[in-house]
Amino acid sequence: MTVGAPLLETQALTKRFGGVLAIDRIDFSVEPRELRCVIGPNGAGKSSFFKCLTGLARATSGRVLFMGQDITRADPCHIARLGIATKTQVPNVFDGLSVRENIWIAANRHSISGVQAMKASENTIQRLGLSTAANAVVGQLAHGARQWVELAMIVVANPKLVLLDEPTAGMSGAEIFRVEKLLNELKSTATIIVVEHDVKFIRRIASHVTVLHNGSILIEGPVATVLSDTRVRDVYLGRHSVT
Amino acid sequence: MDLTLIICLDILNGIAMLAMISVGLAIVFGIMGVINLAHGEFLMLGAFAATVSTNAGVNVWVSMLIVAPLFVGIVGLVVERLLIRLLYGRMTDTLIVTWGLSLFLVGAVTTLFGYTIPGISAPLGSVKLGVYSFSAYRLVFTGLTALTFLVIWSFLKYTRWGIIARGTTQNPEMASALGHAPHRVYAITFFSGSAVTGLAGGLIAPLTGVVPTMGAIFVAKAFIAVIGGGAAIVAGTFAASSFFGAVDTLASFVWTPVIGQAAMLLAAIILLRLLPRGITGRFLERRI
Amino acid sequence: MRDVCNSGTLFVVGVATAIAVLIPQIVNLYLVIVYSNLAIMALFALSLAWVWGYGGILCFGQSAFFGLAAYVYAVSVINIGESTAPFLLAVLVPTVFAAVIGALMFYGRVSDIYFAIITLCVTLILYSLISSTAGPQFHIFAARLNGQNGISGFRPLNLPGRSDDVLGPVESFYVCMTFLIGCYVALKFLLSSRFGRVVVAVRENPVRAELLGYDTRWTRTFVFTIGAAIAGLAGALFAVWGTYVNPSLFDLRMAALVIIWVVVGGLGTLAGPMVGAVALQYLGNVLGKQQLANTGMIYGFLLIVFVMLVPQGVFPTMQRLISRWSLRRSQYEMKLLGDDISKGMQGR
Amino acid sequence: MSITRRRALVVASSAGIASTFDLIPRPSLAADEIKIASILDESGNLAEWGDPMAKCMTLAVEEINEQGGLGGHQIKYIRYDTQSNDQLYAQYASEAALQDQVSMVLGAITSASREVIRPILDRYKTLYWYSTGYEGGVCDFNTFCSGTTAAMVVRALIDWAVPALGRKVYIIGADYNAPHATAKFIEAYTKQDGGEVIAQVYYPFDVSEFGDAISKIQAAKPDIIYSMLIGAPHLGFYRQWAASGMKGKIPIISHFFGGGNEEVLLTPEEGDGIVSCYGYWEDIDSPENKAFLERFTKRWGSNHPYINAIGMGGYEGTKLWWLGVQKAGTVDRVRVIEALRSGISWTGPSGNIAIDPQTNNVIRDVYIARAKNRRMEIVKRVPGMRPLFTEQYCNLIKHPTTQTQYLP
């Protein structure tokens, strides 16, 4: 585990929806250049946790620090501007626009000119092999393809931190392999947090894993140790309940 | 003492009026998401049905409580079959069609009955309160409104149809997967919404002037009440009507009716600014 | 794709210019006056076409800015006399007003139907307030607001700085058409600019736009304000055209009418709503001269029939008829592309 | 239903044709044809007034044509339906003046719409006739107002009511110009007759709930309620008043009541006993009126709504204008105006009407009437009322170029 200040850190992060306690006093941190997987059964609070990080949901209490800066109460757009790029669980793209336009919009935010944005997006289109589809209207593409476009929108923004919520959902084996390669490329420039179910995939990409259960961290550590931990298996099989 | 009492009665009555003209719209909008710009004209049809049948010798209560709802309900059913059904999920098109419908209905009724038909007067006498006297019918009106709300609420909460209807609102696919054709649900919803609107029309017939163009003044108020109420059909409309109605009547009493009206609209703006999902959107999530 | 839109733009501009130039030559004075009114209403429809069709903001109170501008012009021209300053003021006031409302609402994350109702309330408040200014105590300097009767008989436009050269109907018609074409072209340019594409993106998917770092609240406020400015321009021209203003500008009918125009013309286009406004205004004008049946009844009936026959609105339907074949082809291509992507993804 | 559809479609197609015609400039008009136009709301909110006006005007035109028109020239009557939409007022006024080049426009029901078209018709030099009763004060060489003005009816009504019914007057009215303006007359005349106005309250047009009003009145205990409520929603007041058992406890007078056939819309239990004052009632018992009603029934059928002063305005206006034309022997605007201002006087269904050259308003009989079983029974005929307020300010003999409305 590398030393130095964490890139992202949460302190006793808590979120309630009405009466439900979605996440409960989570202390979490990732180092720069780390690829961290967050796993856990359905309803463990993974998505709520992400929502709090991206600003789509306001934490009830606790703090979120990004590069030492408090972003707990910040709006999604300001958080994004700090260099945090997000892929939500369901493909979340501009269905009415073409692939090129989608990626251009993502690039435009931090380009000084439209031309520069166009260059950036063309590069990404090449790099991710989307050139044949560049003019296709995203709404008419298949599920997997739309996820891919969304990943392209993240790549073009060259972010410091990438939050991926189930990036391989609904993808074929070949496509998953493709995503894995992309993540490995991204790792050289950005920190990545991935929420995943596919254990094989996790073993391939991640060094460290955090297991959420009932809204709090059950266990955290190297992939091998965590995945072999009995509690984790119990949690997934629903035998175990943390008290 | 009498004055405060009479003011309270007036406020109650104002609330009842607003609630009554709104609830039919709330059903249609709440369950089907259909914005019916002809809502005012449905009220007008109810009022006409009640008036005409009473003049034709039908007992006034029968024509207000049975004829009016039945007639407007049937009209609603026809409209649903001929127009609304073809426009589900096309909110904007529904806007024009119902707007066109409202113009058409006004014109048609004018052509059939002319501009002036002999009105009917409120049944029952009046009750005395010191120097004041108060129309007994308006008390009954308030009571009937409360009853209507109770019925609708329990219908939606307890009966099979109510539950299916709510289910369809939450998730049409799911509902149809469970074997309830949304179209059938919608048809029945639109019928009952129209019927309630007809009832409202019938009940206000003796309280105001019954002319073909009477609907126009109600539709905006009804909308503001319904939207202000938010997701929950009954509770929402009730809460919003109570709030707006009270503001309006009270301000009218203290200052002038003009200020009363402006105050009500202003209240609506502030409310929606503070609770961007309407009253029940915030407090009574997942209620009826 | 963008070429098509450009040629379309050129076509629209061409037609409009032709009308602007030809009409006064071929028709008599009265029709010039009618067409001026049509141009003004087209401009009004354009403002909502932008706010609703491209900004994705359903504003049920667009007429508030229209009416406000008309009143500002009337009041200030009575006080000032020379019409240039009043005209500018008439556009400025509703713009600022909209900026304030927009900021208040969008930064409160009010949206959709709730925003629609709020804007409707704003219009109706203006209606009831202005209606109740009958007494002599309600006046702005020299201009008496005069309640339901409204203000009438004030000065129309004059050449900037030369208050004696009052514009006649034909000149006014040129002015209206110039503003109409100007605004249309300006909006087209805006849409093809960087900002314009962001506007469309925000309409398409606000959450994603936020996650990409765009402040949708600001974007929406800005779009809304531009729309109000155009509506204000139309309102000012309307006051000049009719030399009267009264509270009916703020009533529910007016508020609904512009929405009807936009939908009939075709939501999501700029030219469509203009066509819709012209068509429906002209229809009303023509129907008013027949005595066969109640005008409202016929008008309403035609509206219903129209929606049933032409669901997507005039303009998009025309476009589809033109490019039906090519559209079918493009869908086929789309499928191929879909396959290509997954291939491409596995390829590397 | 199907019939309606078919008719509507027929209209649609014919409308289409009409519009294509409009695009082509019309050739100049046939010389032997006199054109006049009415610009009225024959559909929409104000239709209940516009429709009978147009019917009465049609009847007047047909009578004139039967009598041979002007030297064999028949009158062509053009009807514009403004659909209760002020924009169309502006458009149709221009069309009548510039395209049809009519000799006279009779039109506008509300003062608002009158103020829309009056300046337009002045600008395009077309004689304008406004026949509806109004608040008074219009002073325009080109405009003739043959309806009653508020001052004359209020004068008549107050002079009758205050001595007969009592001193304390409570004013309740619709919140627009005419009632606010008229209230000043009511106050002035009531004071002159030794009474006082104890309160005034005004309601927006769309209010139909009058609980607070009734409570306030019950608290104030006036001798007379002077109502200036108007339109269907405001009928709520009379209904709720009666329903509260107040009917007959405090007498209601109103020079608005009856203008919208309120006596028919209300039941006798609610309406009977309310006293009003207008320039015409269907119940006027005079040979001229009998003859008129016969002709009207013959033309429009017997089940027409009760004809009130507003409807009758269309007939009066046309007839008065025609007297001017006959006297001038031409339809030339200036000559007709001169002729009219040279003292035209006419005894018609509504009694005697004379044009007052000082104001271009009229000196006419007015009738106080009481609602009884869905009709109005005449209580008193007040002959020769002058345009009281208007004549204080307006003098077209001294200042013929005036084009304005004086507001109290």
Side-chain angles (χ1 to χ4, degrees), chain A residues 54-56 75-88 92-99 101-102 104-106 108-111 113-114 117 127-137 139-142 144-145 148-150 153-154 157 163 171-175 177-179 181, chain C residues 1-5 53-54 56 106-109 189-221 267-269 327-348:
Chain A
T54 54
L56 287 178
D75 290 302
C77 56
H78 297 121
I79 293 177
R81 286 174 196 176
L82 296 174
I84 300 182
T86 312
K87 182 207 161 304
T88 52
N92 188 352
V93 290
F94 303 110
D95 283 331
L97 307 183
S98 73
V99 171
E101 285 166 322
N102 268 273
W104 182 89
I105 292 284
N108 174 59
R109 173 84 251 315
H110 39 74
S111 314
S113 77
R127 183 175 158 200
L128 276 70
L130 280 165
S131 17
T132 43
N135 295 326
V137 175
Q140 301 179 343
L141 298 177
W148 190 242
V149 172
E150 199 173 5
M153 293 166 78
I154 289 171
L163 304 172
M171 282 188 171
S172 69
E175 289 170 343
F177 175 66
R178 188 85 173 68
V179 174
K181 291 192 70 172
Chain C
M1 166 65 189
R2 188 151 288 106
D3 309 342
V4 178
C5 132
Y54 286 88
F106 293 125
Y107 280 80
R109 302 246 177 235
F189 268 111
L190 191 55
L191 279 170
S192 58
S193 73
R194 285 177 86 183
F195 176 73
R197 296 186 221 167
V198 174
V199 169
V200 174
V202 170
R203 178 197 66 191
E204 281 291 316
N205 186 340
V207 177
R208 172 41 78 191
E210 282 275 342
L211 289 176
L212 289 175
Y214 293 105
D215 191 338
T216 57
R217 300 164 300 182
W218 186 85
T219 317
R220 285 215 170 99
T221 309
L267 189 59
T269 66
L327 195 122
R328 228 188 268 114
R329 207 187 72 223
S330 67
Q331 275 164 351
Y332 174 67
E333 283 169 345
M334 207 55 65
K335 189 187 161 304
L336 295 181
L337 288 172
D339 306 346
D340 287 353
I341 299 171
S342 39
K343 281 206 207 72
M345 289 170 63
Q346 295 147 16
R348 235 181 74 189

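Excluded from the calculations below are hydrogen atoms, water molecules and symmetry mates; all remaining heavy atoms, backbone and side chain alike, are included. Just so we're on the same page: letters track the sequence lines, and every chain starts at 1. These numbers come from a predicted model, not from an experiment.
For chain A, the nearby part of C:Arg217 is the side chain; its heavy atoms alone come within less than 4.5 Å. If you measure heavy-atom distances from A:Ile154 to chain C, you find no contacts under 4.5 Å at all. Interface remark: A:Thr88 contributes backbone and side-chain atoms alike to the contact with chain C (heavy atom separation under 4.5 Å). Of the atoms belonging to A:Ala85, not a single heavy atom falls under 4.5 Å from chain C.
In this view, A:Asp95 and A:Arg146 satisfy the salt bridge (Lys or Arg N to Asp or Glu O under 4.0 Å) rule, not counting sequence neighbours. Annotation: side-chain hydrogen bond (donor to acceptor under 3.5 Å, both in side chains) contacts of A:Thr54 (sequence neighbours excluded): none.
Nearest heavy atom pair, residue C:Arg109 against residue A:Pro76, reads NH2-CD, 4.4 Å.
Contact tally against chain C (heavy-atom pairs below 4.5 Å) for A:Gly139, A:Ala106, A:Ser113: the top residue is A:Ser113. Among A:Glu150, A:Arg109, A:Met153, A:His78, the residue with the largest count of heavy-atom pairs under 4.5 Å with chain C is A:Arg109. Between chain A and the options C:Thr216, C:Val198, C:Asn205, C:Val207, heavy-atom pairs under 4.5 Å are most frequent for C:Asn205.
Separation of atoms CD (A:Glu101) and CG (A:Asn135) is listed at 8.5 Å; rounding is to 0.5 Å. Interatomic distance, OG1 of C:Thr269 versus OH of C:Tyr54, reported as 6.0 Å (0.5 Å rounding).
Remark: side-chain polar atoms of C:Tyr214 are paired, donor with acceptor, to backbone N or O of A:Ile105 under 3.5 angstrom.
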